[in-house]
Each structure stands twice: as structure tokens, then as C-alpha cells.
Engineer: 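My questions will all concern the structure given below.
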Amino acid sequence: VQLQASGGGLVQAGGSLRLSCAASGRTLGSYDVGWFRQAPGKEREFVAAIRKRNGNDYYSNSVKGRFAISRDNAKNTVNLQMNSLKPEDTAVYYCALEGTGGYYYLEYERFGFDTWGQGTLVTVSS
């Protein structure tokens, strides 16, 4: 399976971007999908996830209320709508596909991921 994140770019603080995660060889609607980000010199951060079984979504405190994860099953993508962007949101954003490679937590929910796509760079200027 190959995952590809797209939609990154340069935006001013307060602006919006919409990231998209596409998969080849898998139907994303059959998997939990997550978004991670990694800023220069910082550890990878788990920021959003969506469940396959009920579509429930989960967010880190750092993005809750500003970001929204959703599925577009017709296009076989999972999107991350990012609003009210801040300079501290600057990072490479990666999508991840459900698996047993490692476990991660959001809002006390446990998610397992084992496949990460190529990231997309988001730069927020002040």
C-alpha cells in the first residue's frame, strides 16, 4: 500500500489549508486513519484520527476546534481541514493507516498504525 499526503503549502497565520491523504491498493474507508505532524527539531505529534467503524473523530488539544478530519469515500481520501492556522502548526504532515506496528492515543482512544505516507509541508507565516 502507498499513502500520499498532499495539499500543503505556505499560508499566513489565521488562514486555512486542506490536506488530503490518498491510498493506492487500499480502501481507506475500511481503516482507521490518522494524521501526524513533525516540526523541525521536535518529536512526531499525533493530531487527528477517524474511526472506520463509526466515523468518530479525535483530536489533540493543540488542534481541537481548528482542525477537522473527514472521509471522502467516493475519492478514497481522508482529508484534514485546517483553519485558524498558527505559526506553531508549521510542520510536515503525514497520514497513517491502521495496523499493528505501534499504538498511539488521542482523547484516551487507542489507535494502531503501521503505514505512513510521504508527508506534505505546511508552513504558517506570522
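One-based numbering along the sequence shown.
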Engineer: Got a second to check how far Leu121's CG is from Leu10's CG, nearest 0.5 Å?
Structural biologist: 9.0 Å
Engineer: Tell me, do Met82 and Val122 make a side-chain contact under 4.5 Å, heavy atoms counted?
Structural biologist: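 Yes. Closest side-chain heavy atoms under 4.5 Å.
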Engineer: Which pair of heavy atoms, one from Asp114 and one from Gly101, lies closest together, and at what distance?
Structural biologist: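 Heavy-atom minimum between the residues: CB-N, 3.3 Å.
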Engineer: Please check this pair: side chain of Asn76 against backbone of Arg26, looking for a donor-acceptor N/O pair closer than 3.5 Å.
Structural biologist: yes
Engineer: Strictly by salt bridge (charged side-chain N to carboxylate O under 4.0 Å, His left out), give each pair with a member in residues 70-87 just once, sequence neighbours left out.
Structural biologist: none
Engineer: Under the rule for ring-ring contact (aromatic ring centres under 6.0 Å, His included), what residues qualify as partners of Tyr31, not counting sequence neighbours?
Structural biologist: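 Expected list: none.
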Engineer: Applying disulfide bond (SG atoms under 2.5 Å apart) as the test, list every pair that has at least one member in residues 41-123; sequence neighbours left out.
Structural biologist: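 Every pair satisfying disulfide bond (SG atoms under 2.5 Å apart) with a residue in residues 41-123: Cys21-Cys95.
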Engineer: Ile69 vs Trp35, test: side-chain contact (heavy atoms from CB on, under 4.5 Å). Steps then yes/no.
Structural biologist: CA-CA 9 Å; Ile69 188 172; Trp35 282 95; 3.6 Å; yes
Engineer: Over all heavy atoms of both residues, which pair between Asn79 and Thr77 is shortest? Give the atoms and the distance, please.
Structural biologist: OD1-OG1, 3.6 Å
Engineer: Could you measure the distance from the OG atom of Ser60 to the CZ atom of Phe36? Nearest 0.5 Å is fine.
Structural biologist: 10.5 Å
Engineer: Which residue pairs pass the disulfide bond (SG atoms under 2.5 Å apart) test with at least one member in residues 31-80, sequence neighbours excluded?
Structural biologist: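 Those involving residues 31-80 do not exist here.
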Engineer: Could you report the tightest heavy-atom contact between Phe46 and Ala48, atom names first, then the distance?
Structural biologist: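 Shortest heavy-atom separation between Phe46 and Ala48 comes out as CE1-O, 3.3 Å.
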Engineer: Write out all pairs satisfying disulfide bond (SG atoms under 2.5 Å apart) with one or both partners inside residues 96-126, taking only residues at least two apart or from two chains.
Structural biologist: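 As it turns out, there is no disulfide bond (SG atoms under 2.5 Å apart) pair with a partner in residues 96-126 once direct neighbours are skipped.
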Engineer: Using salt bridge (charged side-chain N to carboxylate O under 4.0 Å, His left out) as the criterion, list what pairs up with Glu109, not counting sequence neighbours.
Structural biologist: Arg51
Engineer: Could you tell me whether the side chain of Leu28 reaches within less than 4.5 Å of the side chain of Leu3, counting heavy atoms only?
Structural biologist: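 Answer yes - side chains close enough.
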Engineer: List the residues meeting side chain to side chain contact (heavy atoms under 4.5 Å, CB included) with Ser84, not counting sequence neighbours, and say none if there are none.
Structural biologist: Arg66
Engineer: State, yes or no, whether a side-chain contact exists between Thr27 and Asn73 at a heavy-atom distance under 4.5 Å.
Structural biologist: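 When only atoms from C-beta onward are counted, Asn73 and Thr27 do not touch, as no gap falls below 4.5 Å.
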Engineer: Would you say that Val63 contacts Arg37 through its side chain, given a criterion of any heavy-atom pair below 4.5 Å between the two side chains?
Structural biologist: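 Val63 reaches Arg37 side chain to side chain.
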Engineer: When rounded to the nearest 0.5 angstrom, what is the spacing between CG in Leu106 and CD in Glu45?
Structural biologist: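 Result: 9.0 Å between the selected atoms.
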Engineer: With sequence neighbours left out, what residues match Asn83 under side chain to side chain contact (heavy atoms under 4.5 Å, CB included)?
Structural biologist: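 Partners of Asn83 by the side chain to side chain contact (heavy atoms under 4.5 Å, CB included) criterion, ordered by chain and then number, come out as Ser16, Gln81.
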Engineer: Applying side chain to side chain contact (heavy atoms under 4.5 Å, CB included), can you list everything that pairs with Tyr94, at least two apart in sequence or on another chain?
Structural biologist: Gln38, Val92, Trp116
Engineer: Could you tell me which residues satisfy side chain to side chain contact (heavy atoms under 4.5 Å, CB included) with Val11, sequence neighbours excluded, listed by chain and number?
Structural biologist: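 By the side chain to side chain contact (heavy atoms under 4.5 Å, CB included) rule, Val11 matches Leu17, Leu85, Val124.
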Engineer: For the side chain of Thr90 and the backbone of Thr123, is there at least one donor-acceptor N/O pair under 3.5 Å apart?
Structural biologist: no
Engineer: Answer yes or no: are there more than 12 heavy-atom neighbours, outside Gln2 itself, under 6.0 Å from its atom CD?
Structural biologist: no
Engineer: For a quick test of reading the model, state the closest non-hydrogen atom pair linking Ala39 to Ala91 and the distance between them.
Structural biologist: N-CB, 3.8 Å
Engineer: If you define the side chain from C-beta out and look only at heavy atoms, does anything of Asp32 sit under 4.5 Å from Ile50?
Structural biologist: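 Answer no - side chains too far apart.
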Engineer: Is it possible for you to say whether Leu19 and Phe113 belong to one hydrophobic cluster, with membership spreading through side-chain heavy-atom contacts below 4.5 Å?
Structural biologist: no
Engineer: For Pro87 and Ser126, work out which heavy atoms get closest and say how close.
Structural biologist: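 It is CG-CB, 3.8 Å.
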Engineer: Verify whether the ring centers belonging to Tyr58 and Phe111 lie closer than 6.0 Å.
Structural biologist: yes
Engineer: Mind jotting down which residue pairs meet the side chain to side chain donor-acceptor pair (under 3.5 Å) criterion with at least one end in residues 97-106? Sequence neighbours excluded, please.
Structural biologist: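 As it turns out, the side chain to side chain donor-acceptor pair (under 3.5 Å) pairs with a partner in residues 97-106, which skip direct neighbours, are Arg44-Tyr104, Lys52-Glu98.
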Engineer: Applying ring-ring contact (aromatic ring centres under 6.0 Å, His included), name anything that partners Tyr93, two or more places apart in sequence or on another chain.
Structural biologist: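 Once residues adjacent in sequence are excluded, Tyr93 has no partner under the ring-ring contact (aromatic ring centres under 6.0 Å, His included) criterion.
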Engineer: Should Phe67 and Val78 be counted in the same cluster of Ile, Leu, Val, Met, Phe, Trp and Tyr side chains packed under 4.5 Å apart?
Structural biologist: yes
